[in-house]
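Below you'll find the structure, written out as structure tokens, and then a few comments.
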There are 2 protein chains.
Amino acid sequence: MRYAPTHKEEARTRLVEATGALAKQKGFSATGVDSFMAAAGMTSGAFYAHFRSKNELLEAIVANELQRSAQLFAAPTREQALEVLRGYLSHAHVEHPESGCAVPALAPEIARAGAATQHAFEQGMGALQASFRALVDDDAKAWALVSQLVGAVVVARALPSGPARAAVLEGATRQMELLLGEPSRES
Amino acid sequence: MRYAPTHKEEARTRLVEATGALAKQKGFSATGVDSFMAAAGMTSGAFYAHFRSKNELLEAIVANELQRSAQLFAAPTREQALEVLRGYLSHAHVEHPESGCAVPALAPEIARAGAATQHAFEQGMGALQASFRALVDDDAKAWALVSQLVGAVVVARALPSGPARAAVLEGATRQMELLLGEPSRES
DNA sequence: GTCTATAGTAAGATAGAC
DNA sequence: GTCTATCTTACTATAGAC
């Protein structure tokens, strides 16, 4: 063959990374296969050498994105983990979905996708929640924390930038610190 | 004219109601104008007598849906308000987006829409948050509560039905009751 | 494996009859 | 105001050359 044996999986990896960023930014179903492939430096014809359908790509994106997020949240110390959580509720995260968490950006589209995509999501969320359990008392609080973080970013992004958006992030941050039993920061 | 003077606004109201349900279920950008109009018992040609573009419809849906939600949350007594909140975190709400809250269903698409849509969302959320302020101590907690509710439904819907989904709703419900200073229910 | 080219369908939006 | 019919563009997916 004219390509190295590792070429295909490397290309697929680049594909999933590039299309993941674009999907988080513009939305998955709102983005065409042409645009996805252009973002990865290829043309649409090559797409189906890697995926049987567009839906299969979403499945791969979900698995890849949640794996990346799980690595981020698996911080070695509690203080580092807290910094990651504060960053999650930052204006920077709200303003840059393309480099942020896939959950607030894609969850409703995952909910409308097939069972395979939802199961990929469940598996990814399991790994994520494991990191959260190390920070709070029990399972229920870990899920509450996940919901708090995701909901705040979802609502903040739908609001225009301004005081309301800031208030959502501020309110969620305080509640998060309460949930974690940490004293609220000044600044 | 061949139609009653009130016909247009009545038709527009039916249109916004029917398309709102469909948008919440299938996604706004994933649904075509043809499908939207069919849901309202009309054909696509009539659409542009009511809206200048598809985006303008989303704006109208957002305003209408949040107004309906604000009425729901403006419960007369605290106990009734609590029942509404528990219903928000119910399996029924997760399983029926078409008759549920527009925020978890459409927020990411609102975030990607134009400034006009985001401002319609901001106005609607202002009315909603006013109802929440009556239930908690301060402004920050009201936003935290909103985030908690929205995030739990967003995450629960993306998960397949099963123990993980139930745990998300359960965890968020407990956290909500803590936030409201209410004792946790048995059952 | 990736390209160009294209089939076939569906999208958003408009025109003209009633 | 709503219909049918249509324009134009974009979509998902496939075919065949390299």
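Residue numbers begin at 1 in each chain, while the letters A, B, ... track the order of the sequences. Every heavy atom of this structure was used, including side-chain atoms; hydrogens, water molecules and symmetry mates were not.
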Checklist entry - Between atom CE of B:M42 and atom CZ of B:R14, what is the distance when rounded to the nearest 0.5 Å? => result 5.5 Å

Checklist entry - Could you give the CE-to-C1' distance, from B:M42 to D:dG1, as a whole number of Å? => result 9 Å

Item to check | Distance in angstrom units between B:E56 CD and C:dA13 P, rounded | outcome: 10 Å

Checklist entry - What's the CZ-C1' distance between B:F36 and C:dA13, to the nearest Å? => result 15 Å

Checklist entry - Atom CZ of B:R14 to atom P of D:dG1: distance rounded to whole Å? => result 13 Å

Checklist outcome for this item: Correct closest heavy-atom pair for A:Q148 and A:Q175 would be OE1-CG, 3.1 Å

Next on the checklist: Categorize A:S29 for me: base, sugar-phosphate, or nothing, with a 4.0 angstrom heavy-atom threshold over every strand shown.
Outcome noted: nothing

Item to check | Which atom of B:A23 lies closest to which atom of B:I61, heavy atoms considered | outcome: CB-CD1, 4.2 Å

Checklist entry - Looking at C:dT4, D:dT2, D:dG1, which one has an atom nearest to any side-chain atom of B:K8? => result D:dG1

Between the protein and nucleotides 13-17 of chain D, which nitrogen or oxygen pairs are less than 3.5 angstrom apart?
from, atom 1, to, atom 2, distance (Å)
D:dA13, OP2, A:Y48, OH, 3.0
D:dA13, OP2, A:K54, N, 3.0
D:dA13, O5', A:Y48, OH, 3.4

Item to check | Distance in angstrom units between B:H50 NE2 and D:dG1 C1', rounded | outcome: 6 Å

Next on the checklist: Mind checking if B:S35 touches a base, just sugar-phosphate, or nothing, with heavy atoms under 4.0 Å?
Outcome noted: nothing

Checklist entry - Just checking, any donor-acceptor pair under 3.5 angstrom between side chains of B:T173 and B:E170? => result no

Item to check | Selected nucleotide, minimal atom distance to B:A49 side chain, candidates D:dT4, D:dT2, C:dT2 | outcome: D:dT2

Checklist entry - When the distance from CZ of B:F51 to P of D:dT2 is rounded to whole Å, what number comes out? => result 11 Å

Next on the checklist: Centroid separation under 6.0 Å, is that true for the rings of B:F36 and B:F28?
Outcome noted: yes

Checklist entry - Taking atom C1' of D:dC11 as reference, at what distance in whole Å does atom CG of A:L57 sit? => result 15 Å

Item to check | Separation of atom NZ in A:K26 from atom P in D:dA10, rounded to whole Å | outcome: 15 Å

Next on the checklist: According to ring-ring contact (aromatic ring centres under 6.0 Å, His included), does anything in residues 120-154 of chain A pair up with another residue at least two apart or in another chain? List the pairs.
Outcome noted: A:F73-A:F132

